[in-house]
Number of protein chains: 4
Amino acid sequence: MKTKEDVVEEFRKQSICEAAMRVVARKGMKDVTVQDIADEAGVAKGTIYIYFDSRDEILSRTMENATASLVDKLGAACRGCLGFRETLEKRVRTQIQHFDDNRDFFRLYLAMAEPFGERRLKQHPTYQTYLSQLQRLVRDAIARGEIREANVERLSISIASVIRDIILHRMIEREPPPLDSDVEFAVDFIMRGIAS
Amino acid sequence: MKTKEDVVEEFRKQSICEAAMRVVARKGMKDVTVQDIADEAGVAKGTIYIYFDSRDEILSRTMENATASLVDKLGAACRGCLGFRETLEKRVRTQIQHFDDNRDFFRLYLAMAEPFGERRLKQHPTYQTYLSQLQRLVRDAIARGEIREANVERLSISIASVIRDIILHRMIEREPPPLDSDVEFAVDFIMRGIAS
Amino acid sequence: MKTKEDVVEEFRKQSICEAAMRVVARKGMKDVTVQDIADEAGVAKGTIYIYFDSRDEILSRTMENATASLVDKLGAACRGCLGFRETLEKRVRTQIQHFDDNRDFFRLYLAMAEPFGERRLKQHPTYQTYLSQLQRLVRDAIARGEIREANVERLSISIASVIRDIILHRMIEREPPPLDSDVEFAVDFIMRGIAS
Amino acid sequence: MKTKEDVVEEFRKQSICEAAMRVVARKGMKDVTVQDIADEAGVAKGTIYIYFDSRDEILSRTMENATASLVDKLGAACRGCLGFRETLEKRVRTQIQHFDDNRDFFRLYLAMAEPFGERRLKQHPTYQTYLSQLQRLVRDAIARGEIREANVERLSISIASVIRDIILHRMIEREPPPLDSDVEFAVDFIMRGIAS
DNA sequence: TATGAATGAGAATTCATTCAT
DNA sequence: GATGAATGAATTCTCATTCAT
């Protein structure tokens, strides 16, 4: 059972992670100092070390929190969707929207993706959760005959990569195309490929 | 005309970049120090600064060299290819092979992609070259009716992202599938999407 | 109102400046490293940077402190003096005494004077204060007819230079003449020149 | 007897010193690198070390040359002067003129004057020569009754300091007063002091 | 002799982490 | 628990000096 102390501790950790996210978004992961995070969180630097063992642990935990929230949102969004295409469209839209709304987090998300960094997204537990979710959808869709038979992992990776890079380019573009347009493009690309 | 000095200088720069690549591969871009590079290259730290103005310039130049060599290889590989599909297949195969052979470079390639890092692949001149090459192919293929009409940039981004992430996963996997299998998968995914 | 923190901070800065002064006295301004100052102050190098932004700021601040204290002392010494000659004598005596007592500071004072160095005494705010003080005295004395009419700035410069160089030679001499003797000489030289 | 080699060596040293003077004038003494001097002299860095043992030796030798030339000029200028006042005026004029014409050298001269630097003007042989010259003049003038009895060294120091600081201020001023005006001021100050 | 590439000790500065209050 | 001053290892970059050619 959770004691009051546990709750307080959890709350503190959460605050610090939220602060970390805002700072990472502003300065990029490698330029964030522990002092930056402490300032943003409104606590002393020493306090940080009561709740986390190291700078790395803060960032890692921050990622987890952030990704988990996206994963939840995606799960919720697709409850009630019928076919794979509908589900996919919902997910793509939700994910693009999420990042359009949280550019901060996207910088973190990408920083995480630094694939051979100490903390690699690809091997990061919450990225795994994201990928598992997708793999389950793919597997089911194959079973239902909506998707052709192929390596489930490769399919999921590919789907994820297309969505991610389209979002990335939206971020870079000064005036990205309307949401609908990119959602449609992504779903089309994923479903039908490029062949005419 | 190149004097002997120019040749020597070029050779030195090349050696240092090669050393840099190996070290980046080992430690990740952000953790590489100038001393690491010097040690790997077997020269003194000061020597590095004879040939490069700053740590950043070394890394930047290293990227350029590495990417340029891949772009050349891809260009050469597709000379004589007839349709888009054949070209794509050739490119995918060449690219996967290249990274299977140069795991070091792949880490660098990915480090470059750190999208909001100081040196962003997306904005890096040689990445642009890579993308332009792809865009030209796509545009021509659309003109020939081999690819359906769609935003050329989005198409290219998506194609590139699929290839990249498949390679990335090959790198992570202890025993990646045979080359042919991934080439076939990628080409299929890109051409036909996932629909059955 | 000053909080306790402000007081502590001020005290630390003062300690570091005092350490800096001793080290400059020993090694000369250009050869002083931040490490030297830290060692002399008995703190870690990093600590220095809590209180000062850069090596230059330490040295600059050290100068200011030191010169300001001399300027104050000179101002105080001459309160109540009647004619210019009396004032001059008081100032010369006070200044020579001050440097006889603070040989450390004299080296700093001279290092400051390095005229084309990054921090030039001639342009340094506290040197300007010193010179202004002198100029005011000269101007008043001219108005009272105690000093002949002449360019006030040139007069002040010349007076200052004579005092300074006599002190400088006292510093170099193993056994300088008694204080009174040099005071008398300087005042005489300034008032009557060398003519018989 | 001087062999041809000696002459060549002397010539090389001279060239390097002249280059050094120009560079010191431009960048200030502490910012001059051996490479700067080599570039200015049009020789390789290594060549410098054939003729000088260290950076310090170059600078020291440069000072000596430069000061010696001033001392010679002053000696020559006063040949044939009759009284002390005439001699003094000639010297002051010559010295101001010399520095007006050689601002480069003045920066060097001042850099030398850094009194407790490794190479102190005050103890530097050629500065001693300059001072001795002045002391001889003063002593003779006292003997002839043109100057009042006083410590010869102190008198010389004071005279030198006044001349030096007036020149220094000319250097700093954007539009210094006409030569004659400063010559007259300096001679008057030295001869009669400031009293009315 | 002349060269200039190579060296490496050392400089200023930053920042994760510790610990006395 | 909370604080933030203190620490010092680590980093980038400079430059006097050496030495093989």
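Every chain is numbered from 1, with letters handed out A, B, ... down the list of sequences. Everything numeric here is computed off the predicted structure, so don't read it as measured data.
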(message) When you measure from the side-chain N and O atoms of A:Thr47 to the phosphate of F:dT3, is any distance below 4.0 Å, counting only OP1 and OP2?
(response) yes

(message) Starting the side chain at C-beta, find the nucleotide from E:dT7, E:dG10, F:dA5 nearest to B:Val43.
(response) E:dT7

(request) Would you kindly compare C:Gly46 and B:Asp53 by the position of their nearest DNA chain F nucleotide and give the one closer to the 5′ end? (result) C:Gly46

(request) Using whole Å, report how far CD1 of A:Ile48 lies from P of F:dG1. (result) 14 Å

(request) Let me know the distance between CZ of A:Phe52 and P of F:dG1, rounded to the nearest Å. (result) 13 Å

(message) So does C:Val32 get a backbone contact from the side chain of C:Arg55, meaning a donor-acceptor N/O pair under 3.5 Å?
(response) yes

(message) As a test of reading the structure: which of E:dT17, E:dG10, F:dT17 is closest to the side chain of D:Ser54, going by heavy atoms?
(response) F:dT17

(request) Mind calculating the distance between CD1 (C:Ile37) and P (F:dG8) to the nearest angstrom? (result) 18 Å

(message) For D:Arg61, is there an ion pair with D:Glu10 - N to carboxylate O distance below 4.0 angstrom?
(response) yes

(request) Please tell me if the side chains of D:Glu64 and D:Ser60 come closer than 4.5 Å, counting only heavy atoms from C-beta onward. (result) yes

(message) In this structure, how many angstroms lie between the P atom of F:dG1 and the CZ atom of A:Phe11, rounded?
(response) 15 Å

(message) Strictly below 4.0 Å: does C:Tyr49 bring a side-chain N or O up to OP1 or OP2 of E:dT14?
(response) no

(request) Could you tell me the separation between the CD1 atom of D:Ile50 and the P atom of F:dT18, rounded to a whole number of Å? (result) 13 Å

(message) Whole angstroms only, please: what is the CG-P distance between C:Leu59 and E:dA11?
(response) 14 Å

(message) Under 4.0 Å, counting only non-hydrogen atoms across every strand here, what does B:Val32 touch: a base, just sugar-phosphate, or nothing?
(response) sugar-phosphate

(request) Grab the two heavy atoms, one from C:Ser54 and one from C:Tyr49, that are nearest each other, plus how far apart they are. (result) CA-CE2, 4.1 Å

(request) Give a yes/no answer on whether the side chain of A:Thr33 brings an N or O atom under 4.0 Å of OP1 or OP2 in E:dC15. (result) no

(request) Check the distance between F:dT7's P and C:Asp39's CG and give it to me in whole angstrom. (result) 11 Å

(request) In plain terms, say whether A:Glu18 and A:Arg12 are close enough for a salt bridge, that is, a side-chain N and a carboxylate O under 4.0 Å apart. (result) no

(message) What stems show up for DNA chain E when you take Watson-Crick pairs (N1-N3 plus N6-O4 or O6-N4) and G-U wobbles (N1-O2, O6-N3), both under 3.5 Å, and require three or more consecutive pairs?
(response) E:2-21 with F:2-21

(message) When you compare the side chain of B:Ile37 with that of B:Ile16, does any pair of heavy atoms fall below 4.5 Å?
(response) yes

(request) Using side-chain hydrogen bond (donor to acceptor under 3.5 Å, both in side chains) as the criterion, list what pairs up with C:Gln14, not counting sequence neighbours. (result) C:Asn65

(message) I need the CD-P distance between B:Gln35 and E:dG10, as an integer number of Å.
(response) 15 Å

(request) Respond yes when some side-chain nitrogen or oxygen of D:Tyr51 is under 4.0 Å from OP1 or OP2 of E:dA2, and no when none is. (result) yes

(message) Tell me the closest heavy-atom pair linking A:Asp31 and A:Asp36, and the distance in Å.
(response) O-OD2, 3.7 Å

(message) I want to check one thing: is the phosphate of E:dA6, taken as OP1 and OP2, less than 4.0 Å away from some side-chain N or O of B:Arg12?
(response) yes

(request) Can you check whether any acceptor in the base of E:dT17 is under 3.5 Å from a donor in the side chain of A:Lys45, or vice versa? (result) yes

